[in-house]
Amino acid sequence: MTTFTDPPTESFRLSMLLNDTRYRSGTMQAIAAILLALALFYLYSNLSANLKAAGLNISFDFLGSPAGYDINQTLVDYNSQSSNLQAAIVGILNTLLVASLACITATVFGVLAGVLRLSNNWLVRKLMAFYVEIFRNIPVLIWVIIIFTIMTAVLPGPREFRGDNATSSMFLDLFAFTNRGVYTPGPQFTNGFGGAIDWLLVIAVLLASLFATRAVAASADRKQAETGVRPKTLWVNLAIWFVPVIVLLTILGLTWEVPELKGFNFKGGIKIGGPLIALWFALSIYTGAFIAENVRAGIQAVSKGQTEAASALGLRSNRVMSLVVLPQALRVIIPPLISQYLNITKNSSLAIAVGYADITATLGGITLNQTGRAIECILLLMLFYLVISLVISAVMNVYNNAMKLKER
């Protein structure tokens, strides 16, 4: 017997969307998205109307006009006649440079200090506690200014390296530590295709080596699963990493340019300016103190039974920490570590205090003052920090998911 029913009414469908647990979540998200879009449209319309009433308009044409100012440290070609867009690119690269360096060194400082805070040696434990309490309770801006002031006051000037009676000399005849910065030997490609292309080739080879070593590790895992014996891959991995890049650098004609004192300053090589060093070191030691507490909390979250079991197997203390405790502690350490990396990136905007030309100093400082395009500059500045923060969060969340316990 066939039963015929009336088709569902509109009110019934709406009731399903709001009350049925299968659809309610999606319905509420759709409503929230629509309300957010309407709110953004209202804000944009209100802003446009107010700007129009004031005789203003949003335009990014100023990015193509000459910047008209010099930048003391750049990673790409730039001069005062370059465009404001090129100046902004220089600022972005400088920001990424100091943020990347600070993230690496802050992690090293934080892990070392966090592990040593749990040391059985009373003096070491108290010294690390002193480091954490001192550096994390004083604003990072003060540390930036202190380090920069010490560098300019203590280190010798370039003229002190000149003459037979010079009071200062280069370290190993390769490195010059001055109050203007540190000068180091720099790579030069005599047979290269151009600065950027050469480095892109090197990066491409290194990425290819990374994927090759992962393939070798995967092959070793399969053989271990099949035979129970893991093949040795150390020398293969070393060859994959070093042989291709050495061959490429040989083809490109890699040489090292040593800095020399010419005129009133050192020429050649690589200059690491005083503002960059001050900002880099201040962000590292300041954020490292917070990371140390994260590491300490992560280690203490690991059950003592894990340490006792590893010690019972005959592992030494350092091996227990590196092989047993830290891998498990990472599951607790990584989530707050993401926040610390984001703080480093945003705190790099304090570079303007010591004259380091990051994106805030270029686009949000000099360019804004010269062009008067405050709204456009601030919008671009906000967009940059938003994008870079989301990228850092995405990358670290992928790593965090990889470190989570996998249920069988």
* Taking side chain as C-beta onward, heavy atoms only, is Val90 less than 4.5 Å from Thr362? -> no
* Structure fact -> In this structure, CG of Leu40 is separated from CG of Leu35 (nearest 0.5 Å) by 11.0 Å
* For residues Gln81 and Pro66, report the shortest heavy-atom separation together with the two atoms involved. => O-CB, 4.0 Å
* What distance do Trp241 atom CH2 and Leu206 atom CG have between them, rounded to the nearest 0.5 Å? -> 6.0 Å
* Using atom types as modelled and distance alone, determine if a side-chain donor or acceptor of Ser119 lies under 3.5 Å from a backbone N or O of Val115. => no
* For Arg159, does the CZ atom sit with more than 12 other heavy atoms under 6.0 Å from it, leaving out its own atoms? -> no
* Measure across Asn72 and Gly355 and return the closest heavy-atom pair with its distance rounded to 0.1 Å. => ND2-O, 3.6 Å
* Residue pair Phe290 / Ser339, side-chain heavy-atom distance below 4.5 Å -> no
* Asked: Roughly how far, to the nearest 0.5 Å, is the CG atom of Leu63 from the CG atom of Leu85?
  -> 5.5 Å
* So, the side chain of Tyr356 versus the backbone of Gln73: is there a donor-acceptor pair under 3.5 Å, distance only? -> no
* Asked: Just wondering, do Leu379 and Glu376 contact through their side chains at under 4.5 Å, heavy atoms?
  -> no
* Rounded to the nearest 0.5 Å, what's the gap from CG on Leu276 to CG on Asn94? Could you check? => 8.0 Å
* Asked: Going by heavy atoms in the side chains, are Val325 and Gln306 under 4.5 Å from each other?
  -> no
* Asked: Do the non-hydrogen side-chain atoms of Val302 and Val324 ever get within less than 4.5 Å of each other?
  -> no
* To do: Measure from the side-chain N and O atoms of Gln340 to the backbone N and O of Thr107, and report whether any donor-acceptor pair falls under 3.5 Å.
  => no
* To do: Locate the shortest heavy-atom distance separating Ile240 from Thr213; write the atom from each residue and the value.
  => CG2-CG2, 3.8 Å
* Asked: Are any of the side-chain heavy atoms of Leu155 and Thr178 separated by less than 4.5 Å?
  -> no
* Structure fact -> Ala67 and Gln370 have their tightest heavy-atom pair at O-OE1, 2.7 Å
* Asked: Does atom CG of Asn369 have more than 12 heavy-atom neighbours, drawn from other residues, nucleotides or ligands, at distances under 6.0 Å?
  -> yes
* Asked: Between Pro158 and Asn179, what is the shortest heavy-atom contact and its length?
  -> CD-OD1, 3.9 Å
* Asked: Is it the case that more than 12 heavy atoms not belonging to Asn46 sit under 6.0 Å from its CG atom?
  -> yes
* Measure the shortest side-chain to side-chain distance between Pro187 and Ile270 over non-hydrogen atoms and say whether it is less than 4.5 angstrom. => yes
* Approximate separation, where rounding is to 0.5 Å, of Cys377 SG and Ile366 CD1 -> 11.5 Å
* Hey, what's the ring geometry for Phe109 with Phe281, parallel, tilted or perpendicular (30° and 60° as the breaks)? -> perpendicular
* Please tell me if the side chains of Tyr286 and Val144 come closer than 4.5 Å, counting only heavy atoms from C-beta onward. => no
* Report yes or no: do Ser65 and Asn84 form a side-chain donor-acceptor pair below 3.5 Å? => yes
* **Donor-acceptor contact below 3.5 Å, side chain Ser83 vs main chain Gln86** => yes
* **CG on Leu141 to CD1 on Ile146, rounded to 0.5 Å** => 10.0 Å
* Asked: Shortest non-hydrogen contact from Tyr78 to Tyr69?
  -> OH-O, 2.7 Å
* Residues Ile285, Ile147; criterion side chain to side chain contact (heavy atoms under 4.5 Å, CB included); working and verdict -> CA-CA 11 Å; Ile285 59 176; Ile147 295 173; 4.0 Å; yes
* To do: Indicate whether any N or O donor in one side chain lies under 3.5 Å from an N or O acceptor in the other, for Tyr341 and Thr287.
  => no
* Asked: Among side-chain atoms of Tyr385 and Thr95, is any donor-acceptor pair under 3.5 angstrom?
  -> no
* Sub-3.5 Å donor-acceptor pair from the side chain of Glu293 to the main-chain atoms of Ala289, do we have one? -> no
* To do: Could you tell me whether Tyr44 atom OH has more than 12 heavy atoms of other residues or ligands within 6.0 Å of it?
  => no
